[in-house]
Amino acid sequence: MDLESYLRRIGVERPSAPDAAALDRLHQAHLLAVPFENLSIGWGEPIELDLALLFRKVVEERRGGGCFELNALFAWALGALGFEVDLLSARVRREAGGFGPDFDHMCLRVRASGEDRLADVGFGDSFRRPLPLAPGTPHAEGRRTYLLRDAGGELELARREDDGPWEPQYRLALVPRRLEEFSGMAEFHQTSPEGPFTRRRVCTLATADGRITLSDAALVRTTLGGDRAETPLASEAEWELALRTHFGMRPPRRAGRPR
C-alpha cells in the first residue's frame with residue numbers, strides 16, 4: 001500500500017499540512033475519481049474488509065466500491081497524511097421508512113484545523129465537501145442543502161432540494177469503531193435479497209458539473225442545476241460499453257450474470 005499511488009489515483013498532490021483545506025480537496029478529488037459501485041456482487045467477487053485488498057481493487061485495478069470499501073481506504077489515506085480519523089457507524093434511511101441497523105453504513109469523523117468534520121466518500125450522491133460535525137449549521141451545495149440535527153442520541157444527516165422539505169439521509173453515532181465491526185453488515189449487503197445492493201447494479205461517479213450514473217437499464221447524466229438526461233440501454237453489450245466508456249471498467253472474463 002503506497003500513499004503516493006493513492007494520491008495519483010485521485011489526481012492530487014500530497015498536501016503540505018493536514019488541515020481543513022486539504023481535507024476538502026482530498027474529499028472532492030476522491031469523489032470525482034472513484035465511483036461508488038456494487039458490481040462485485042453481481043460478478044461473484046467477495047468483498048473483504050482488508051485494507052490491502054481494498055487498495056488493490058480501488059488503486060491498482062482502478063475500480064470503485066461501496067461505503068465500507070471507499071471510506072475505509074479514505075480513512076487509511078487520511079491517517080497516513082496526519083489526520084486524526086475515526087470510523088463511525090450510520091443507519092441509512094429506508095425507502096419504506098425507518099432506518100437500517102447499526103453498521104449499515106460507514107462514515108468518518110476527521111479532525112482538521114481544530115474542528116471535527118463529517119467525511120463520507122462512500123454514499124454515492126451526497127455532499128462533496130466535509131461538513132462540520134455539529135448540529136444546526138446548514139451546508140449549501142448548489143440546489144441542495146445538508147444539515148446535521150439531533151436525533152435521540154444520534155446525529156441525523158438531512159438534505160433538501162431548493163426550498164423543499166428536509167429528508168433524512170442517515171443517522172450516525174459518534175462512537176469510534178473498528179473496521180472488523182462492519183464485517184457482518186458487509187456480508188449482509190453482499191448476500192441478502194432484502195438488502196439494497198443484491199437486486200440491482202449501480203455505478204455512479206461525481207463530475208465537475210453533476211453526476212453520471214449507470215443502472216441496469218440506463219445511463220443517466222444529471223447536473224448540479226437539476227437537469228437530467230437519460231440514455232436507455234437495450235442490451236448487456238450496450239451496458240458493458242457504457243461501463244467501459246464512462247468509468248474505464250469492464251466485467252471480468254467469467255463474470256456472473258446480474259442478479
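The figures that follow rest on heavy atoms only: side chains count, while hydrogens, waters and symmetry mates do not. This one's a predicted model, so the numbers in the text were calculated from it and none came from an experiment.
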Are T222 and D125 close enough, and set up right, to give a side-chain contact (heavy atoms from CB on, under 4.5 Å), and what steps lead you there? CA-CA 11 Å; T222 56; D125 189 8; 5.8 Å; no

Give the C-alpha distance, both sets of side-chain angles, the deciding distance and a yes or no for side-chain contact (heavy atoms from CB on, under 4.5 Å) between L174 and L88. CA-CA 6 Å; L174 300 179; L88 301 179; 4.0 Å; yes

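Looking only at side-chain heavy atoms (C-beta outward), F68 and L54 stay at 4.5 Å or farther from each other. Considering only heavy atoms from C-beta on, E60 comes within 4.5 Å of F55 through its side chain.
The aromatic rings of W43 and W239 sit perpendicular, their planes meeting at an angle over 60°, well past the 30° parallel limit. Using a 30° and 60° split on the angle between ring planes, Y6 and H30 fall in the tilted class, from 30° to 60°. Between F123 and H105, the ring planes lie perpendicular to each other; the angle is over 60°, past the 30° to 60° tilted range.
Formation of a donor-acceptor pair under 3.5 Å by the H27 side chain with backbone atoms of D120 is found in this model. In this structure, the side chain of N71 engages the main chain of V121 through a donor-acceptor pair within 3.5 Å. Between the side chain of R111 and the backbone N or O of G114 there is at least one donor-acceptor pair closer than 3.5 Å. The closest donor-acceptor contact from the side chain of N38 to the backbone of R200 lies under 3.5 Å. Between the side chain of E187 and the main chain of S183, no donor-acceptor pair closer than 3.5 Å is present. Put simply, the side chain of D19 never gets that close to the backbone of S113: no donor and acceptor are under 3.5 Å apart. In this structure, the side chain of E69 engages the main chain of G66 through a donor-acceptor pair within 3.5 Å. D104 places a side-chain N or O within 3.5 Å of a backbone atom of V92 that can act as its donor or acceptor partner. Not one N or O on the side chain of E37 forms a donor-acceptor pair closer than 3.5 Å with the backbone of R63.
E236 contributes atom CD, which lies 8.0 Å from atom CG of D216 (distance to the nearest 0.5 angstrom). How far OG1 of T198 is from CZ of F188: 8.0 Å, rounded to the nearest 0.5 Å. E194 contributes atom CD, which lies 9.0 Å from atom CZ of R199 (distance to the nearest 0.5 angstrom).
Ionic pairing of D102 and R177 is not present here: no N-O contact between side-chain nitrogen and carboxylate oxygen is shorter than 4.0 angstrom.
For the residue pair G98 and R93, the shortest heavy atom distance occurs at N-NH1, 3.2 Å. The minimum heavy-atom distance between A22 and F83, with the atom names listed, is CB-CZ, 4.2 Å.
Applying the salt bridge (charged side-chain N to carboxylate O under 4.0 Å, His left out) criterion to R9, with sequence neighbours excluded, gives no partner residue.
If you check the side chains of E181 and S89, you find no donor sitting under 3.5 Å from an acceptor. For the residue pair T204 / R211, a side-chain donor-acceptor distance below 3.5 Å is found, with atom types taken as modelled.
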